[in-house]
Amino acid sequence: MLTTDTVPKEISFELELSGGTVTIGAMAKGSGMIHPNMATMLGYLTTDAVIAQADLQDMLTRAVDKSYNMLTVDGDTSTNDSFVVMANGKSGVEVKSYEAIEYVNMEMAKKIAADGEGASHLVVVEAQNLPTEHDARLVARAVAGSNLFKCAIFGKDANWGRVISAAG
């Protein structure tokens, strides 16, 4: 599944849980017009785990908020985005925790960013020790979306003033 992508973006693994083994797999496409709230990416996640529909929706929402909805490459968005998750329950193993779904989505978001049109660096911005998660998300998005910060990264110039300026 490629449009302007230069590499396929896929991940799969088996997860050993106390009740047995579940398989999780995902694939996505996207390399341009990538900015928070998904932009022009398409993603699909499948698992054979037993997960109630309401729990799966909650897990997906939380995982996408921390991954694709924090992803930026070029600051542009479009109306063509979608993420689908399917759990068929064939393993018979019930899953209540969302960490595996979060992990898969974070890894897929990194693959999209690394393959961004014109991208030469992959940077993960973490904002810590802020009063709320909302504040941390605002700071991380401001830094990651700053053109001056992107120029500093591209030029291999560790200009912390640009980070501070964007965070402010």
Side-chain angles (χ1 to χ4, degrees), residues 1-15 22-47 49 56-78 80-87 95 97-130 133-160 162-163 166-167:
M1 182 169 65
L2 303 169
T3 51
T4 56
D5 305 61
T6 62
V7 296
K9 294 156 190 75
E10 305 168 328
I11 188 173
S12 68
F13 61 91
E14 290 185 337
L15 183 61
V22 297
T23 303
I24 299 174
M27 67 179 181
K29 79 101 194 142
S31 63
M33 297 181 81
I34 304 297
H35 196 58
N37 298 325
M38 291 199 244
T40 56
M41 61 139 294
L42 299 174
Y44 305 90
L45 185 144
T46 60
T47 182
L56 186 60
Q57 182 63 52
D58 179 60
M59 290 177 192
L60 177 65
T61 299
R62 290 170 49 199
V64 166
D65 279 347
K66 289 186 173 184
S67 58
Y68 304 113
N69 286 346
M70 292 298 293
L71 175 63
T72 185
V73 170
D74 49 27
D76 288 325
T77 61
S78 86
N80 180 25
D81 66 277
S82 185
F83 192 89
V84 176
V85 62
M86 296 172 277
V95 173
S97 171
Y98 91 108
E99 281 83 7
I101 290 176
E102 178 183 349
Y103 171 79
V104 168
N105 286 312
M106 292 296 286
E107 292 304 305
M108 295 305 294
K110 289 177 192 174
K111 288 176 185 263
I112 290 171
D115 191 37
E117 290 179 359
S120 59
H121 297 76
L122 173 64
V123 176
V124 176
V125 177
E126 293 183 18
Q128 301 175 353
N129 300 321
L130 285 124
E133 183 175 337
H134 176 73
D135 292 338
R137 291 169 64 88
L138 289 175
V139 169
R141 276 185 171 177
V143 172
S146 165
N147 286 331
L148 287 176
F149 175 69
K150 290 177 184 182
C151 288
I153 295 298
F154 182 78
K156 298 178 182 139
D157 174 18
N159 185 331
W160 288 104
R162 292 182 176 181
V163 174

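We count residues from 1, following the sequence as given. Model, not experiment: these values are computed from the prediction.
- Two residues are said to be in side-chain contact when any heavy atoms from C-beta on lie closer than 4.5 Å; V139 and D135 fail this criterion.
- Residues F83 and N105 meet the side-chain proximity criterion, which asks for heavy atoms closer than 4.5 Å.
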* Asked: Yes or no on side chain to side chain contact (heavy atoms under 4.5 Å, CB included) for F149 and V123, after CA distance, side-chain angles and deciding distance?
  -> CA-CA 11 Å; F149 175 69; V123 176; 4.1 Å; yes
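- In this structure a side-chain-to-backbone donor-acceptor pair under 3.5 Å is present from R137 to D65.
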Can I24 and Y103 be said to form a side chain to side chain contact (heavy atoms under 4.5 Å, CB included), step by step?
CA-CA 11 Å; I24 299 174; Y103 171 79; over 6 Å; no
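- Residues T6 and D115 bring a donor and an acceptor atom of their side chains to less than 3.5 Å of each other.
- Residue S31 comes nearest to V73 through the heavy atom pair O-CG1, 4.2 Å, listed as atom of the first residue, atom of the second, then distance.
- Taken to the nearest 0.5 Å, the CD atom of E117 stands 8.5 Å off from the CG atom of D5.
- Residue-environment remark: CZ (F13) exceeds the threshold of 12 foreign heavy atoms within 6.0 Å.
- When all heavy atoms are compared, the tightest approach of Y98 to R62 is CE2-NH2, 2.6 Å.
- Looking at heavy atoms from C-beta onward, V124 lies in side-chain contact with K110 at the 4.5 angstrom threshold.
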Item to complete: Let me see the working for L148 and N159 under side chain to side chain contact (heavy atoms under 4.5 Å, CB included), right down to the final yes or no.
Response: CA-CA 9 Å; L148 287 176; N159 185 331; over 6 Å; no
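- Side chain of K111 to main chain of E10: a donor-acceptor pair is present (N/O by atom type, distance under 3.5 Å, no hydrogens or angles).
- To the nearest 0.5 Å, the span separating NZ on K29 from CE on M41 amounts to 8.5 Å.
- Counting all heavy atoms, side chain and backbone alike, A119 lies closest to A114 at CB-O, 4.0 Å.
- With S146 contributing its side chain and A142 its backbone, the two residues share no donor-acceptor pair below 3.5 Å.
- What you find for M70 and A140 is that their closest heavy atoms are CE-CB, 4.1 Å.
- When all heavy atoms of L15 and A100 are compared, the closest pair comes out as CD2-CB, 3.8 Å.
- A pairwise comparison of heavy atoms in M108 and Y68 identifies CB-OH, 3.0 Å as the closest pair.
- Between L45 atom CG and L60 atom CG the span is 8.0 Å, to the nearest 0.5 Å.
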Q) What do the steps show when you test T72 against R141 for side chain to side chain contact (heavy atoms under 4.5 Å, CB included), and what is the final call? A) CA-CA 8 Å; T72 185; R141 276 185 171 177; over 6 Å; no
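- If you take CD1 on I101 and NZ on K66, they are separated by 13.5 Å, rounding to the nearest 0.5 Å.
- Side-chain atoms of T23 never come within 3.5 Å of backbone atoms of T47 as a donor-acceptor pair (strictly under, hydrogens ignored).
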